[in-house]
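Note that the coordinates shown come from a computational prediction; the quantities given were computed from them, not determined experimentally.
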Amino acid sequence: MRVAVDAMGGDNAPSVEVEGAVVAAREFGIPITLVGDTERLRQELGKHNVQGLDILLHHASEVVGMHDAASDAVRRKKDSSVRVAFELLKNGAADAVVSAGNSGATMAAGMFVLKRLKGIDRPAIAQIFPTLRGKTLVLDVGGNVDCKPIHLVQFAIMGEVYARHVMGVEQPRVGLLSNGEEDSKGNELTRETNSILKNISFDYIGYVEGRDIFNGVVDVVVCDGFVGNVVLKLSEGLAEAVGKMLKDEIKQSFLSKLGYLFSRKAFSNFKKKVDYAEYGGAPLLGINGVAMICHGGSNVKAIKNAIVFANDYVRKGVNQRLAEKLETEFTMYMQQGNVRESVAG
């Protein structure tokens with residue numbers, strides 16, 4: 001198994017991507033191909049001890065920047081590092097892709113090169129959030145900012161299948177993110193999606209509010225990519241702010257500092273739970289292959305963990321199981337309540 005890393009896409013590329021790959025290869029023995037400007041990649045690799053590590057370089061002459069249109073990865077920049085990484089996966093030279101670059105471009109390249117799973121119109125980026133009761137999967141968190149009800153229905157089905165067959169939740173509870181729990185709340189998109197999901201046989205509990213993501217009342221939260229990305233960035237900012245506030249408060253008095261000495265383990269565990277780097281990347285669900293999308297500002301730990309998670313996904317056959325389950329269960333779910341006819345009508 002080999003993981004192709006888009007080494008040029010992140011905010012701090014390629015240094016962070018290269019170091020993260022080196023750590024993953026050294027600690028876990030994962031074969032890696034770094035995709036990008038080979039001259040720059042060789043320079044970065046020269047800063048590390050890579051003796052005995054299975055790290056290959058594959059040249060790509062172009063980069064899709066954070067401000068580029070997603071379509072650039074498909075139409076204009078055909079030799080971009082992210083597209084070349086997916087081509088390696090398609091051609092069997094890699095088994096998974098990891099990218100910290102432009103998420104829209106990564107999704108576009110994945111769709112164009114690998115195609116979508118049967119029954120899926122738009123793939124979704126799925127992010128796991130820590131909760132009071134375990135974990136909650138939220139999708140989409142940035143891949144699709146403009147959605148139709150049918151897309152949210154597909155996200156719900158992918159999330160439910162993922163929660164059962166990957167997260168190990170026996171009967172996942174699925175909720176639709178809105179501004180209130182009452183059916184009268186929401187907008188046209190959520191109200192129509194809500195009415196459709198009520199006719200599908202999995203455990204759909206209706207509307208949920210933002211706080212429900214973290215209290216653990218649901219296992220899967222569905223929203224469009226615009227709302228989901230706001231939720232993701234807000235959560236990251238809040239976790240960082242809370243950490244800094246606690247540090248400032250602890251410094252205020254001797255007793256606070258003394259108390260910290262006895263509770264360092266608790267603070268450390270809390271920091272680990274809310275640190276996005278611990279989760280590495282977010283899987284791109286709905287494409288015919290394994291891809292992890294990382295935060296643009298990912299650090300070395302995040303890149304390493306994304307590579308490890310991608311490798312585990314391949315080793316455990318996660319995407320294959322998802323494809324099989326979606327092919328059988330998606331058709332069944334979509335036929336319930338004449339979903340497509342409801343959307344068309």
Pair I125-S103, side-chain contact (heavy atoms from CB on, under 4.5 Å): steps then yes or no: CA-CA 9 Å; I125 304 173; S103 58; 4.1 Å; yes

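- A donor-acceptor pair under 3.5 Å is absent between the side-chain atoms of H165 and the main chain of Y162, judged by distance alone.
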Under 3.5 Å, which donor-acceptor pairs link side chains of residues 212-227 to any protein atom two or more places apart or in another chain?
from	atom 1	to	atom 2	distance (Å)
D212	OD1	N215	ND2	2.9
D212	OD2	E209	N	2.8
N215	OD1	V217	N	3.1
D219	OD1	R173	NH2	3.2
D219	OD2	R173	N	2.8
D219	OD2	R173	NE	3.0
D224	OD1	F226	N	2.9
D224	OD1	V227	N	3.0

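- No more than 12 heavy atoms of other residues, nucleotides or ligands shown are found within 6.0 angstrom of CZ on R75.
- Of the possible donor and acceptor atoms, one in the side chain of D79 sits under 3.5 Å from a partner among the backbone N and O of S61.
- Looking at every heavy atom in both residues, I303 comes nearest to A100 through CD1-CB, 4.1 Å.
- Here E181 does not pair with K185 in a salt bridge; the nearest charged N to carboxylate O distance is not below 4.0 Å.
- In this structure, N229 contributes its side chain and V141 its backbone to a donor-acceptor pair below 3.5 Å.
- Considering T193, L285, N144 as possible partners of F155, the one that fulfils the side chain to side chain contact (heavy atoms under 4.5 Å, CB included) test is N144.
- The minimum heavy-atom distance between A109 and F86, with the atom names listed, is CB-CD1, 3.8 Å.
- A donor-acceptor pair is defined here as one N or O able to donate and one able to accept, closer than 3.5 Å; no such pair exists between the side chain of D203 and the backbone of I205.
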Show the atom names and distances, to 0.1 Å, of all donor-acceptor pairs under 3.5 Å that link a side chain in residues 4-12 to residues at least two apart or in another chain.
from	atom 1	to	atom 2	distance (Å)
D6	OD1	M8	N	3.2
D6	OD1	G9	N	3.4
D6	OD1	S81	OG	2.5
D6	OD2	S99	OG	2.8
D11	OD2	G297	N	3.4

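- Remark: side-chain polar atoms of Y207 are paired, donor with acceptor, to backbone N or O of R191 under 3.5 angstrom.
- In terms of the side-chain hydrogen bond (donor to acceptor under 3.5 Å, both in side chains) criterion, E62 has no residue partners (sequence neighbours excluded).
- Within a 6.0 Å radius of CG in D146, no more than 12 heavy atoms belonging to other residues, nucleotides or ligands are found.
- Among residues at least two apart or in separate chains, salt bridge (Lys or Arg N to Asp or Glu O under 4.0 Å) pairs with a member in residues 16-28 are E27-K304.
- M1 and V314 make their closest contact through SD-CG1, 3.4 Å (heavy atoms, listed as atom of the first residue, atom of the second, distance).
- The side-chain hydrogen bond (donor to acceptor under 3.5 Å, both in side chains) test applied to R122 returns no partner, not counting sequence neighbours.
- Judged by distance alone, with hydrogens and angles left aside, the side-chain atoms of N194 form no donor-acceptor pair with the main-chain N or O of T190 at under 3.5 Å.
- Annotation: side chain of I30 is in contact with side chain of I307 (closest heavy-atom distance under 4.5 Å).
- Screening residues 37-58 for salt bridge (Lys or Arg N to Asp or Glu O under 4.0 Å) gives R2-D54, E44-K47 as the qualifying pairs, with residues at least two apart or on separate chains.
- Around CD of E170, the count of heavy atoms belonging to other residues, nucleotides or ligands within 6.0 Å does not exceed 12.
- A donor-acceptor pair under 3.5 Å is absent between the side-chain atoms of K115 and the main chain of I287, judged by distance alone.
- A distance-only check finds a donor-acceptor pair linking the side chain of N299 to the backbone of A302 [under 3.5 Å].
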